[in-house]
Amino acid sequence: MKARVLAGLAGLAAFLWLLPGPGPAVPVEGYHVAMGTVVRVALFADEDRAPPLFAQAWGLIDRLDSALTHYGVSSEIARLHGIAPGQPKALSEELHQVLAPALELARRTDGAFDPALGALTALWGFPEARRPPAPASIDSALALGGYEQVRLSQGRVIFERAGVRLDLGAAAKGHVVDRTVDLLRAAGVEAGVVEAGGDLRFWGRKPDGRPWRFGVQHPRDPADTVAVEDVGLPALATSGDYELAFESEGRRYHHLLDPATGYPAGRAVSATAWARTALEADALATAAFVAGPGPAMEWAAADDGLEVMVYYEDGGYLRRVHSDGLQGRIQAAPAP
Ligand code: ADP
Ligand code: MG
């Protein structure tokens with residue numbers, strides 16, 4: 001995740017923190033570069049309590065970042081890639097904590113979010129990618145992928161075939177946000193926000209008593225942001241086609257891949273998901289982006305713990321749809 005600082009900064013712009021103006025309700029903020037992005041923590045706590053809390057948070061984030069990354073030959077994920085089909089391999093607690101819900105979310109979204117797409121994502125090679133891979137190599141990579149090839153049993157992982165590779169890039173950041181929130185709550189911080197490259201989770205009540213409001217950026221015009229009031233779910237994440245992309249022979253290719261085709265998904269321009277955990281929001285934003293507005297609205301209608309907002313192109317126009325729980329909670333926001 002390290003090489004993605006610039007992409008992460010773009011993702012960061014996807015959220016504005018619509019916190020109140022000066023006064024006692026202003027949080028103490030800290031920043032940390034990790035997971036290829038900038039992690040921001042805002043604490044409603046006494047200023048002198050903040051430095052050790054930030055230090056603990058950054059320590060946790062760095063540890064999780066190394067535990068969950070698929071970059072580098074020595075990472076736990078990279079070492080799993082050699083295992084023989086059918087051979088169970090013990091997983092670290094950290095990896096298990098992300099892979100178990102990730103496989104569940106893959107089933108729920110019919111594989112639009114797929115944590116076993118690693119052969120395909122490695123082939124495309126974002127963020128360094130400059131041209132699309134040859135079609136034949138895309139087909140071979142697709143044949144190696146798929147969450148159905150991965151099973152968990154008693155803390156161990158089993159790949160059903162050789163060559164399966166994991167990529168938790170669309171869910172790990174969310175998990176890290178969740179764990180950071182857990183740490184800060186356990187330390188007694190009554191309210192705050194943790195955000196990492198477009199994945200955000202808040203807890204508690206703001207001291208000024210006003211509801212939480214967060215901005216979701218228009219995918220084509222950063223100055224045009226909508227503010228969304230608290231929908232009763234503590235986490236939200238956005239996936240957009242503007243975060244990481246290259247152009248080749250007049251065509252634009254972004255990093256969110258459709259497991260059905262092996263190419264960048266084209267059904268949405270950006271998707272935001274609200275969920276009970278940041279891991280879920282992260283994975284479901286990716287899934288909603290890949291599957292598009294139709295399936296995303298169906299998932300939200302069937303689940304009290306999910307709301308979605310999707311921007312998509314239709315006949316040359318950019319349109320926005322949202323699930324019922326967001327009705328009446330979206331307002332135009334002033335430019336930052
Ligand atoms: P970002 O990290 O840019 O905020 P996401 O959370 O949507 O965006 O995760 C994108 C990463 O997830 C990609 O860089 C890639 O590693 C991986 N990925 C791409 N397509 C999929 C997919 N369909 N399912 C799961 N992971 C994906
Ligand atoms: Mg995601």
Side-chain angles (χ1 to χ4, degrees), residues 7 10-18 105 108-110 112-113 170 173-174 195 197-202 211-245 252-258 260 264-276 278 280-336:
L12 183 72
F15 283 97
L16 299 171
W17 293 12
L18 299 177
L105 288 158
R108 250 178 86 184
T109 61
D110 265 326
F113 162 78
K173 256 190 309 183
E195 195 248 52
D199 297 356
L200 180 155
R201 183 160 169 181
F202 60 92
W212 294 101
R213 283 199 322 158
F214 295 101
V216 178
Q217 189 188 295
H218 187 289
R220 294 287 179 259
D221 180 3
D224 180 3
T225 294
V226 292
V228 183
E229 267 188 26
D230 190 356
V231 299
L233 294 167
L236 61 153
T238 297
S239 285
D241 71 0
Y242 49 85
E243 282 172 49
L244 192 55
R252 204 170 160 280
Y253 299 87
H254 62 76
H255 74 311
L256 299 169
L257 304 174
D258 184 349
R267 294 187 193 90
V269 173
S270 81
T272 303
W274 285 254
R276 293 199 178 95
E280 274 183 38
D282 193 1
L284 290 167
T286 304
F289 179 93
V290 169
M297 293 306 135
E298 283 174 25
W299 301 333
D303 182 353
D304 285 346
L306 176 66
E307 302 296 340
V308 289
M309 183 163 98
V310 181
Y311 286 91
Y312 64 102
E313 261 160 22
D314 178 21
Y317 290 96
L318 190 71
R319 300 187 189 280
R320 187 181 78 207
V321 283
H322 58 79
S323 55
D324 289 350
L326 292 170
Q327 192 60 39
R329 295 182 191 273
I330 305 173
Q331 303 135 11

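None of these values were measured; they are calculated from a predicted model. By convention here, the first residue in the shown sequence is residue 1.
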TODO: Could you tell me which residues satisfy side-chain hydrogen bond (donor to acceptor under 3.5 Å, both in side chains) with Glu307, sequence neighbours excluded, listed by chain and number?
DONE: Ser323
Task: With Arg267 via side-chain hydrogen bond (donor to acceptor under 3.5 Å, both in side chains) - residues at least two apart - done: Asp258
- [ ] Please indicate whether Asp304 has more than 12 foreign heavy atoms, meaning atoms of other residues, nucleotides or ligands, lying under 6.0 Å from its CG.
- [x] no
Task: Minimum heavy-atom distance between Trp274 and Leu233, given as atom pair plus value - done: O-CD1, 3.6 Å
Task: NZ/NE/NH1/NH2 to OD/OE distance under 4.0 Å, Asp241 and Arg220 - done: yes
- [ ] Over all heavy atoms of both residues, which pair between Ala285 and Ala237 is shortest? Give the atoms and the distance, please.
- [x] CB-O, 3.4 Å
TODO: For residues Ala273 and Leu306, report the shortest heavy-atom separation together with the two atoms involved.
DONE: CB-CD1, 4.1 Å
Task: Pairwise distance CZ(Arg252) to OH(Tyr242) - rounded to 0.5 angstrom - done: 11.0 Å
TODO: State, to 0.1 Å, how close Ala271 and Ala288 come at their nearest heavy-atom pair, and which atoms those are.
DONE: CB-CB, 3.8 Å
Task: Listed partners of Pro293 passing side-chain contact (heavy atoms from CB on, under 4.5 Å), at least two apart - done: Val310, Tyr312, Val321
TODO: Output the distance between atom CG (Leu200) and atom CG (Asp282), rounded to the nearest 0.5 Å.
DONE: 11.5 Å
Task: Shortest non-hydrogen contact between Thr238 and Glu243, atoms and distance - done: O-OE2, 3.6 Å
Task: Atom pair NE2 (His255) and OG (Ser239), whose distance is rounded to the nearest 0.5 Å - done: 6.5 Å
Task: His254 side chain vs Gly266 backbone, donor-acceptor pair below 3.5 Å - done: no
- [ ] Could you tell me whether the side chain of Leu318 reaches within less than 4.5 Å of the side chain of Pro219, counting heavy atoms only?
- [x] yes
TODO: Determine, step by step, whether His218 and Val226 satisfy the side chain to side chain contact (heavy atoms under 4.5 Å, CB included) criterion, reporting the C-alpha distance in whole Å, the side-chain angles of both residues, the deciding distance to 0.1 Å, and the verdict.
DONE: CA-CA 7 Å; His218 187 289; Val226 292; over 6 Å; no
TODO: Write down the atom of Leu257, the atom of Val290, and the distance for their closest heavy-atom approach.
DONE: O-CG2, 3.7 Å
Open item on the list: So, using side-chain contact (heavy atoms from CB on, under 4.5 Å) as the criterion, who are the partners of Arg329 when residues are at least two apart?
Closed with: Glu229, Val231
- [ ] Mind checking the CD-NZ spacing from Glu195 to Lys173? Nearest 0.5 Å is all I need.
- [x] 9.0 Å
TODO: List in chain and number order the residues that pass side-chain hydrogen bond (donor to acceptor under 3.5 Å, both in side chains) with Arg319, two or more places apart in sequence or in another chain; answer none if no residue qualifies.
DONE: Asp314
Task: Phe214 vs Val228, side chain to side chain contact (heavy atoms under 4.5 Å, CB included): CA-CA, chis, key distance, verdict - done: CA-CA 5 Å; Phe214 295 101; Val228 183; 5.9 Å; no
TODO: For Phe113, check ring pair (Phe, Tyr, Trp, His ring centres under 6.0 Å) against everything at least two apart and list the hits.
DONE: none
